[in-house]
Amino acid sequence: MSPGDVGLFVRPPREQGVKWRKRRKARAGLPNLQPGTGFAAEGYCRRRFPTGGGKRYMELATRYEPQEAEAAIYALWLANHCFKATPDSRTPYCITIPPPNVTGALHMGHALNHTVMDTLGRWKRMLGFNVLILPGTDHAGIATQAVVEKKIRAEEKKTRHDLGREAFVEKVWEWKEEYGNKIVSQMQRLGASYDWDRLRFTMDESYVEAIHTVFEKLYTDGYIYIGERMVNWSPGFQSVISDIEIDNREEDGSLWHLRYPYSDGSGHIIVATSRPETMLGDTAVAVSPKDERYKAVLGKTITLPLVGREIPVLADDFVDPAFGTGAVKITPFHDPNDYEMGNRHGLERIEVIGPDAKMTAHAGAYAGLDRFEARKRIVADLEALGLVEKIEPYRHAVPYCDRSGAVIEPRPSSQWFCKMGGTEMVNTSIEVVRDGSIRFLPERYRELYLRWMENIRDWPISRQLWWGHRLPVWRKTDANPEEASSWVFARTKAEAEAKLASPDILQSDDVLDTWFSSALWPFATLGWPHTEADLNYYYPTSLLSTAQEILYLWVARMIMTGELFIGKKPFDDVYIHATVLDEHGRRMSKSKGNGIDPVELIDLYGADALRFALAREAGQRQDIRFKPVKAGKQEQVEQARNFANKIWNASRFVMMNLEGFEPSAAAPTPTTLVDRWILSRLATTVDAVNEGFATYNIDDASRALYEFFWSDFCDWYVEAAKPRFAAGDESAKTVLWFVLERALRLLHPILPHLTETLWQALPGAKEAAGCDFLMQAAFPQDLPYRDEAAEAEWEMVQEITVAIRNVQAVNNLKKGGEAFVAATNPDVLEGNRAIIEFLTRFTLVIGDGPSDGYLQPTRFGDVRLPRPEVTPEELATEKLRIESDLAKIELDLGVLNKRLDDPSFAERAPEAVVTKTRTQHAELLDKQSKLTERLGQLSTPSAQ
RNA sequence: GGACGGUUGGCGCAGCGGUAGCGCGUCUCCCUGACACGGAGAAGGUCACAGGUUCGAUCCCUGUACCGUCCACCA
């Protein structure tokens with residue numbers, strides 16, 4: 001396949017006698033026409049291009065068809081190893097992409113992030129950097145295990161326990177090999193220029209080595225210990241899960257007010273709880289020490305209803321006297337706060353809800369019941385005893401396990417931890433951000449990071465899952481697993497046997513938190529701990545671009561491990577991209593079902609359109625609103641698609657007119673005004689784009705490109721080129737070719753497929769650039785074409801042109817007559833006569849013109865269009881137009897008068913502002929008097 | 001509860017101290033030899049609200065309201 005193959009004619013059949021607008025509306029809902037349906041052969045195309053036969057110029061369809069062009073161009077890049085990166089003498093630029101879950105599918109957040117990374121990567125590559133963008137996927141312990149468990153449950157009616165650990169893990173690997181690379185191919189569809197030969201997976205053999213090496217050091221240096229903490233227990237997985245895997249849902253619940261009788265029979269104390277079933281495990285009631293109401297009852301005991309246990313009433317600062325009744329029941333085993341209070345007061349911990357979320361033997365009569373069933377029974381039994389004071393409706397957050405859907409059960413558990421606060425690892429990670437070695441973009445995230453790091457808590461690193469990196473620690477079978485001293489570090493069983501001097505040993509059943517492995521990503525993917533070449537060259541990497549929600553979980557931990565193991569920061573810049581929200585401004589999520597599938601958008605409009613739509617919003621904002629796909633349409637991407645089509649067609653126009661033109665590598669030296677002007681605008685745009693990319697304001701770069709290409713280049717320059725070609729002016733071709741070629745380079749990082757396709761078809765491009773692909777061409781920088789004089793002079797041509805068009809359109813005049821312009825600078829006008837005449841379809845006459853003509857005063861001279869005959873309707877239209885102009889002028893004059901009438905304005909405002917205001921004032925007065933006079937003429941009968 | 005962000009024409013966004021801009025949508029005209037996924041015009045905004053600073057505020061400061069994101073153990 002070569003890029004030329006995309007040339008096909010596409011044109012809807014002509015339907016005689018039907019209004020165009022109607023047909024357009026009728027067509028609006030239809031899918032884009034597929035090429036190759038033979039319209040050309042049936043004579044529907046308006047224009048025939050030279051076909052085949054060794055012609056130099058490609059045939060291009062009248063519409064850009066991304067579907068096949070993108071696949072073709074991507075295949076071409078791959079075939080030519082364009083994304084491959086190996087160390088050389090150039091400056092490196094490296095991004096290790098945030099590895100998505102192997103189970104994952106591309107979502108809008110990914111699409112945005114990959115657009116950012118690939119755009120910046122392509123830009124840097126064109127600037128001459130040695131760019132490596134290293135892709136990979138994450139084994140994603142819980143997520144993947146959940147998917148495979150679900151699959152075997154559905155297909156084989158088995159649980160993972162039926163299979164056993166080894167067989168189950170085998171199944172997960174099989175699943176990963178078969179389905180795990182879906183997201184990789186989706187990234188490729190976006191156009192990602194990543195080095196796919198280096199694709200990494202967090203459970204690759206070499207990656208496991210990295211994990212072992214890291215674990216060993218942390219273990220021997222005393223970072224890793226066994227401790228007991230309150231953890232988030234997922235009854236669904238029978239495992240600890242991390243905070244990020246929790247989905248806190250606001251729910252309407254109840255607050256039960258329970259009467260707890262004093263043991264001495266002196267009445268009762270009322271406690272409020274949202275979880276009455278935990279009362280079976282209560283070992284105290286706490287009140288605030290400052291709470292006067294309860295001063296007297298401190299030291300009393302309570303006989304716990306239904307259980308009969310005697311428990312104390314004690315004082316603790318944690319209790320807020322203002323909440324509920326000011327008295328709190330304490331269940332140390334089942335509530336994080338109560339756990340802390342229990343430790344403070346040395347309370348017994350009684351487990352009444354087991355790991356499977358069923359009531360334990362300690363629950364007495366309720367043993368074996370599900371926790372929610374137990375709740376109902378307990379409440380009913382308490383009510384029967386008259387111990388329920390009242391039940392209040394209560395809205396609160398309930399934590400759910402986002403993978404299994406079970407309500408999280410907090411419980412103390414013996415887990416492996418990694419020490420954080422106060423350690424060298426954490427301190428250096430704070431320092432490296434504080435001293436500015438690592439930059440955060442947008443900057444506001446810097447403070448967030450520092451604040452979090454300064455209050456960091458120890459990191460629970462063990463999980464009771466089967467899929468993941470099994471902890472490389474072993475013990476003798478009969479040793480106590482909760483004693484740290486029972487364990488030794490060993491990579492292999494043999495090593496462990498030697499260390500423990502026994503064949504009767506076991507490896508820990510636990511698996512490492514997935515974030516433990518992704519924390520090593522920037523260096524483990526570059527060959528550490530074995531090979532140094534890539535690491536020495538590409539590390540520290542240049543950019544880490546990611547979502548704000550994993551700032552702590554991932555970004556902070558990469559900094560820590562990078563500092564500790566490599567002795568260097570893992571990256572220079574951290575860019576936190578915006579969160580993509582739905583049309584109502586809510587986060588897109590699976591549970592809300594408000595997500596948009598980026599692949600659907602690519603199918604609909606092409607990857608480049610999606611990229612541009614995202615790029616134009618990718619700045620320093622915290623969020624981006626994205627509208628849903630409705631009836632096969634998505635506004636934002638459609639607009640971007642239209643832009644892509646505009647680029648396509650403008651390029652097509654240029655190529656059609658370049659027959660016989662021999663481009664050269666030399667930069668043009670413009671002489672005519674319009675050439676000087678467009679080159680000046682190009683130079684400005686080049687600066688804006690480089691600036692935008694360099695400062696992570698890709699939105700600014702995108703807007704600059706859009707405006708330049710559509711407004712300046714297409715609407716003015718290309719239009720102005722037409723009469724020049726008609727007049728045989730060959731000088732236009734050099735500039736036209738040059739501007740288009742440079743524009744394609746500028747646009748390439750954001751719209752890679754489209755621009756490469758066009759560039760491949762642009763004659764002379766490869767020779768001039770000295771490379772075979774646009775993605776390898778030099779990115780434009782510092783073009784010497786800034787020309788303020790040209791921009792100012794061209795403004796005259798534009799304003800006169802607009803004035804003539806405006807009078808013509810508003811008064812609905814026939815084109816083709818004469819347009820008189822009393823120009824302030826007749827030479828400029830004369831020099832651009834052909835252009836103005838072509839753009840307006842009026843013959844330009846420089847001079848005053850008939851006094852009764854249609855009048856439009858401008859800063860560059862009055863424009864008058866003669867009015868040969870006039871109907872009353874036309875007269876009314878003109879009067880209306882002038883009156884509305886006058887009304888606007890009056891409004892504006894009011895503003896200026898107010899300012900000029902104030903003496904302190906002239907005194908205190910800068911002189912330039914005062915002068916400018918006076919000039920504007922004078923111009924408005926002049927315009928006003930001219931229009932008033934004209935209006936007067938219209939109102940006197942003689943004018944007709 | 002804390003932190004952060006937003007509030008500009010019907011919609012999506014720019015502008016961030018000198019009389020409000022773009023695209024879509026709406027209305028009018030137009031297939032004019034690149035493009036109707038287009039061209040030329042038009043209508044449409046007291047820039048959330050209240051104070052303050054300033055000659056002057058959409059823009060700076062303070063507060064309020066609403067929307068939202070992230071973080072967080074208040075029963």
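Chain naming here is simple, since letters A, B, ... match the order of the sequence lines and numbering starts at 1 in each.
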OP1 or OP2 of [N] versus the side-chain N and O atoms of [X]: is any pair under 4.0 Å?
| X | N | answer |
| --- | --- | --- |
| A:Arg641 | B:C37 | no |
| A:Arg703 | B:A14 | no |
| A:Arg621 | B:A14 | yes |
| A:Lys646 | B:G39 | yes |

* Ignoring hydrogens and angles, does a donor from either the side chain of A:Gln622 or the base of B:G68 sit under 3.5 Å from an acceptor on the other? ->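 Yes.
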Pairwise [atom1] distance for [N] and [M], with rounding to whole Å:
| N | M | atom1 | value |
| --- | --- | --- | --- |
| B:C29 | B:G18 | P | 40 Å |
| B:G23 | B:U8 | C1' | 15 Å |
| B:C35 | B:U28 | P | 25 Å |
| B:A43 | B:G25 | C1' | 13 Å |

**Asked** Would you call the rings of A:Phe643 and A:Tyr706 parallel, tilted or perpendicular if under 30° counts as parallel and over 60° as perpendicular?
**Response**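 Because their plane-to-plane angle lies in the 30° to 60° range, the rings of A:Phe643 and A:Tyr706 count as tilted.
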Item checked: Inter-residue atom distance A:Arg724.CZ - A:Lys733.NZ, 0.5 Å rounding ->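 Taking CZ in A:Arg724 and NZ in A:Lys733, the distance rounds to 11.5 Å.
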Quiz item: Paired with B:A34: which nucleotide, if any, by Watson-Crick or G-U wobble criteria at under 3.5 Å for both distances?
Solution: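 Across all strands, not a single nucleotide pairs with B:A34.
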Pairing partner (Watson-Crick or G-U wobble, both distances under 3.5 angstrom) of B:G17
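The answer is none; no pair meets the criterion.
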